[in-house]
Amino acid sequence: MELSNHFISIKKSPILFFTTKPPFSTKALTKPFDSHSPKLTSPAHSLQLETLKILEWSSLCNQLTPFTSTSMGQSITRNAKIPIGKSKEESQKLLDQTAAALAVMESGPLDFSGIEDITRILDSAVSGTLLTVGELCAVRRTLRAARAVLERLKDSGDCSERISSILLYLNRYAPLLEILQNCSFQIELEKKVGFCIDCNLSKILDRASEDLEIIRSERKRNMENLDRLLKGISARIFQAGGIDKPLVTKRRSRLCVGVRASHRYLIPDGVVLNVSSSGVTYFMEPGEAVELNNLEVMLSDSEKAEEIAILSLLTSEIAESARDIKYMLDGIIEVDLSFARAAYAYWMNGVRPIWTSEGCGGISSSGGDYLLSIDIEGIRHPLLNGTSRKRLSNILGSNSLNSMEVDEDSMLDTGKPSKNVSEFPVPINIKVECGTRVVVISGPNTGGKTASMKTLGVASLMSKAGLYLPAKNTPKLPWFDFVLADIGDHQSLEQNLSTFSGHISRICKILEVASNESLVLVDEICSGTDPSEGVALSTSILHYLRDHVNLAVVTTHYADLSLLKDKDSRFENAAMEFSLETLQPTYQILWGCTGDSNALSIAKSIGFDSNIIERARKWVEKLVPEKQQERSGMLYQSLLEERNRLEAQARKGASLHTEIMELYHEIQAESEDLDGRVKALMAKETQLVQLELKAANSQIETVVQNVETQLRKASPDQFNSLIKKSESAIASIVEAHCSSDSLPASETDTSSYTPQLGEQVLVKRLGNKLATVVEAPRDDETVLVQYGKIRVRMKKSDIRAIKSDKKSKATILVPSLKRQVKQSFSELNKDEEVSHGPRVQTSKNTVDLRGMRVEEAAQHLNMAISAREPLSVIFVVHGMGTGAVKEGALEVLGKHPRVAKYEPESPMNFGCTVAYIK
């Protein structure tokens, strides 16, 4: 056999089957997917498995199943075999992969639809079993789909590179590309299978080998000759009446013709191959067709042998590449699980956790100045965290193997978008200060102690597995090598263990396995025995845990355990809050507090007999020192009230801070544009002066022309009178275009200089900018000046009088406006006792009437005035066009009952009128 063109030629290749053990092992490059560390000692391994069962890890893994896109990923999540980091570096790598998958998902889901679980096919090839055409096509489809996944990741990176930079691409997508960078996608093998086999028709192609092409060509030619021969014989038989219609068929793998038994003689040298069930029709092979049929059988056998040889060759190549293909499949599974974790994080509004070091390198999320080793805010237990199916359908693509539905037994569906989170489950805050080794949680039954402890355990496992947490802000927690839990009843009749002995037996195993990086969770420590002995044993166990683990969290009803904090700062107390008003738990953790069991209150709320409750209260009063319980309850209630009051004040302070910052940013934005507005105003004033000068020149030119004309016609006696008349006319024109006001011609001494109300001065602190005095100087040697829209109080020593030439220019430019400014400032000073808020123009207190008709502007202004709050300021921008809109605006301001007063446009604010609302 010879493979055509591209491929290795092997003549007369035997069928390749492995009769002995495969020459290589596939374990060397296989990536293990196991939820617990390898090479664990037997006690540690069993404890880990029991802890995962207690924390319902398999149920949480099942939540990932709808988000997987391959059958292999689905199998891993259903069997709770998702990888958990065996070191902090591995866990960090898993989190980086989840973050990279979230970044890729921004441009659309990844397509895993062509990837199949071909592990069994690879094992068959390695064992020597000949692969079928369908199995070879499955390998080809998987190789091609896996390569498409890598190309899609690279394309996402290229898109990111075009948008931003290469560094951003490397940071965002590198964790996923690293998974597949060492994988061999067997491109040549994929091409070989595609060259030899048409997977759409499930047929080996003629071009697979030269021998196959020759055999099929010969067989086709022989079949044409045989068919033509038999059709001719059958036609003659039909014409002779030996058959109802010409019939060519196959019997015993040989072509023959049909003939009636009574007409057998028509084929004298024929061989009977078969007879119909009625015996009427004989199926005979004519003598002329024997050699052609023999050749057909021989060529058919040769074709099958050649096809088997081709399949054998492809099978052997797949067997040789099985190790690389399995390694590539493991990489694809990692990528699939990364995207499943990313979709799960998006579905539950998860946030990425970060690790805290041994030195507790983090601060409280609420802004406190104390260091925290665990700072998780607003976390919900993922098994209780209900969310919307609609959000799920938006994340899952058509490539998912599962339906969009989520198991209702494991999730609570609120029917609302996940942004509007329901009140259940209640989010809790977990905050453990740096240096704390043991946390003792007390509080009422059904108060949420066990659920809170399980939430911490699950959060630790999720972080190690690269899963985001259903919490707020940025959760911070240490990396724990083991999470060991003793929660629930371990009574066993088979092992002859009581409740207490089962509990103690498990704690003993935990103490043997736990290390200084472990998290230990114990529910109702040393309960079920004599209280005094239980307290003593619990205290001893907690002291041991304090010195040998990273963190231990225990729940108890022993009040004495809460006193350990007073003697050792490495102990911390926490209590589950209980409302004395509703007699119901709030499921909130109060850190640093101790809680009462509230057994009597709970029993009363359940509906216990009141006589029994009252008798129990009397016994409590006898057992507890006089008034101690009442004082404890009052103190606890007062602390709760104080906490609520402080929280309300904090919320109010935060709200005020937000409003102040908004106003600050708004004023800052306005002030940034102030210099530009001043330049525009000066340019506008210069333009007006130029227009006025041009008009004056034009008028003077007209007078001169008229005088010249009259001089030509007048007699010499009239010359003097005409010249005087022209001089008078020119003087009147100059006077009309010049200011009648005058400012002091000389600059006064700074020490003796006293600015006057309405005077324009130079302010040093503003870069010698021109400002206007809006309030007479006070006794403290300060002056209130206005620069643009901003008023500021300056020292008199920072204010200088402008030179006479500058004043003359300013006077010539805006004589009439200066008088209006003085009038407006004097009116403002008269009503100074009424505070109308800051006189700062912003976008919120400005009404722009430019471009409107008079009626439309009046209506718009009325609505704006009515909408303003009392004692506020409104800036009415009417422009300087024909003056119609301005007159209409002033008329509205003068008549409106809410307008206390208004100031017309000023030199620093042309086209704008300021109104004060009552």
- Provide the closest heavy-atom pair for S538 versus C526 in the form atom of the first, atom of the second, distance. OG-CB, 3.0 Å
- Note on the structure: Note: A485 and I54 closest approach over all heavy atoms is O-CD1, 3.6 Å
- Query: Do S338 and L176 have side-chain heavy atoms sitting under 4.5 Å apart?
  - Reply: yes
- Item | Sidechain-backbone polar pair: N79 side chain, K81 backbone, donor-acceptor under 3.5 Å | no
- Message: Regarding S518 and S515, do their side chains bring together a donor and an acceptor under 3.5 Å, going by distance alone?
- Response: yes
- Within-4.5 Å side-chain heavy-atom neighbours: L519 and N550: no
- For N182, side chain to side chain contact (heavy atoms under 4.5 Å, CB included) partners two or more places apart: Y327
Solution key, residues 455-465 side-chain donor-acceptor pairs under 3.5 Å, sequence neighbours excluded:
unit_1: T455; atom_1: OG1; unit_2: A451; atom_2: O; d: 2.7
unit_1: S460; atom_1: OG; unit_2: L456; atom_2: O; d: 3.0
unit_1: S463; atom_1: OG; unit_2: A459; atom_2: O; d: 2.9
unit_1: K464; atom_1: NZ; unit_2: F480; atom_2: O; d: 3.0
unit_1: K464; atom_1: NZ; unit_2: D481; atom_2: O; d: 3.1

- Message: Contact between I507 and V522 at the side-chain level, heavy atoms closer than 4.5 Å - yes or no?
- Response: yes
- Item | N573 side chain to S562 backbone, donor-acceptor under 3.5 Å | yes
- Backbone of G378 reached by a side-chain donor or acceptor of N429 within 3.5 Å: yes
- Message: Taking the side chain as everything from C-beta on, heavy atoms only, tell me whether I441 gets closer than 4.5 Å to V554.
- Response: no
- Message: How close do S373 and E433 get, counting heavy atoms only, and between which atoms?
- Response: OG-O, 3.6 Å
- Task: Name all residues meeting the side-chain hydrogen bond (donor to acceptor under 3.5 Å, both in side chains) criterion together with K565; count only those two or more places apart in sequence or in a different chain, and write none if there are none.
- Result: E572
- Query: Please walk me through it: do I374 and L551 pass side chain to side chain contact (heavy atoms under 4.5 Å, CB included)?
  - Reply: CA-CA 10 Å; I374 299 181; L551 180 65; 3.4 Å; yes
- Evaluation steps, side chain to side chain contact (heavy atoms under 4.5 Å, CB included), between T474 and V351: CA-CA 7 Å; T474 303; V351 290; over 6 Å; no
- Any donor-acceptor pair under 3.5 Å from R152 side chain to P109 backbone: yes
- Interatomic spacing from CD1 in I541 to CD1 in I510 - rounded to 0.5 Å: 10.0 Å
- Message: Has R380 got a side-chain atom pairing as donor or acceptor with I428's backbone, closer than 3.5 angstrom?
- Response: no
- Task: On the 0 to 90° scale, with breaks at 30° and 60°, tag the Y344-F67 ring pair as parallel, tilted or perpendicular.
- Result: perpendicular
- Task: Please name all residues satisfying salt bridge (Lys or Arg N to Asp or Glu O under 4.0 Å) with R651, sequence neighbours left out, ordered by chain then number.
- Result: none
- Query: Between T51 (side chain) and L47 (backbone), is there a donor-acceptor pair under 3.5 Å?
  - Reply: yes
- Query: What's the spacing between M328 CE and I115 CD1 if we round to 0.5 Å?
  - Reply: 7.5 Å
- Task: Would you name the heavy atoms of A514 and V549 that are closest together and state the gap between them?
- Result: CB-CG1, 3.7 Å
- Message: Are V335 and L110 packed together at the side-chain level, in the sense that at least one heavy-atom pair is separated by less than 4.5 angstrom?
- Response: yes
- Message: Within the 3.5 Å criterion, strictly below it, is a donor on Q92 or W355 matched to an acceptor on the partner's side chain?
- Response: yes
- With D523 via side chain to side chain contact (heavy atoms under 4.5 Å, CB included) - residues at least two apart: T450, M453, I487, T555
- Message: I'd like to know if the side chain of D336 and the backbone of I332 have a donor-acceptor N/O pair within less than 3.5 Å.
- Response: no
- Query: What's the spacing between W57 CH2 and L52 CG if we round to 0.5 Å?
  - Reply: 7.5 Å
- K93 versus E89: any side-chain heavy-atom pair under 4.5 Å? no
- Item | Polar contact flag, side-chain donor to acceptor under 3.5 angstrom, T68-T77 | no
- Query: Any side-chain heavy atom of K449 within less than 4.5 Å of one from I589?
  - Reply: no
- One should read off an interatomic distance between H543 NE2 and T539 OG1, to the nearest 0.5 angstrom, of 7.0 Å
- Message: With side chain to side chain contact (heavy atoms under 4.5 Å, CB included) as the criterion, how do M72 and E116 come out once you've worked through the C-alpha distance, each side chain's angles and the decisive distance to 0.1 Å?
- Response: CA-CA 8 Å; M72 298 169 286; E116 305 175 28; over 6 Å; no
- L545 and R437: CA distance, side-chain angles, deciding distance, side chain to side chain contact (heavy atoms under 4.5 Å, CB included) verdict: CA-CA 8 Å; L545 291 174; R437 290 291 176 262; over 6 Å; no
- Could you tell me the separation between the CG atom of L102 and the CZ atom of R341, rounded to the nearest 0.5 Å? 10.0 Å
- Message: Please tell me whether N473 and E377 have a donor and an acceptor in their side chains that are separated by less than 3.5 angstrom.
- Response: yes
- Task: State whether the side chain of Q63 and the backbone N or O of P382 hold a donor-acceptor pair below 3.5 Å, judged by distance alone.
- Result: yes
- Item | Heavy-atom pair of closest approach, residues I179 and P175 | CG1-O, 3.4 Å
- Message: Taking ring pair (Phe, Tyr, Trp, His ring centres under 6.0 Å) as the definition, give me every residue that meets it alongside Y558, ordered by chain and number, with sequence neighbours left out.
- Response: none
- Task: Determine yes or no for a side-chain-to-main-chain donor-acceptor pair under 3.5 angstrom, with T556 supplying the side chain and I525 the backbone.
- Result: no
- Counting only N and O atoms by type, is there a donor-acceptor contact under 3.5 Å from the side chain of T65 to the main-chain atoms of N62? yes
- Distance col, row S69:OG vs F339:CZ, nearest 0.5 angstrom, shows 9.0 Å
- Task: Compute whether any side-chain donor of one residue and acceptor of the other, for T142 and R147, lie under 3.5 angstrom apart.
- Result: no
- Side chain to side chain, R352 and L95, heavy atoms closer than 4.5 Å: yes
- Message: To check you understand the geometry: which heavy-atom pair defines the closest contact between L484 and V513, and what is its length?
- Response: CD1-CG1, 4.2 Å
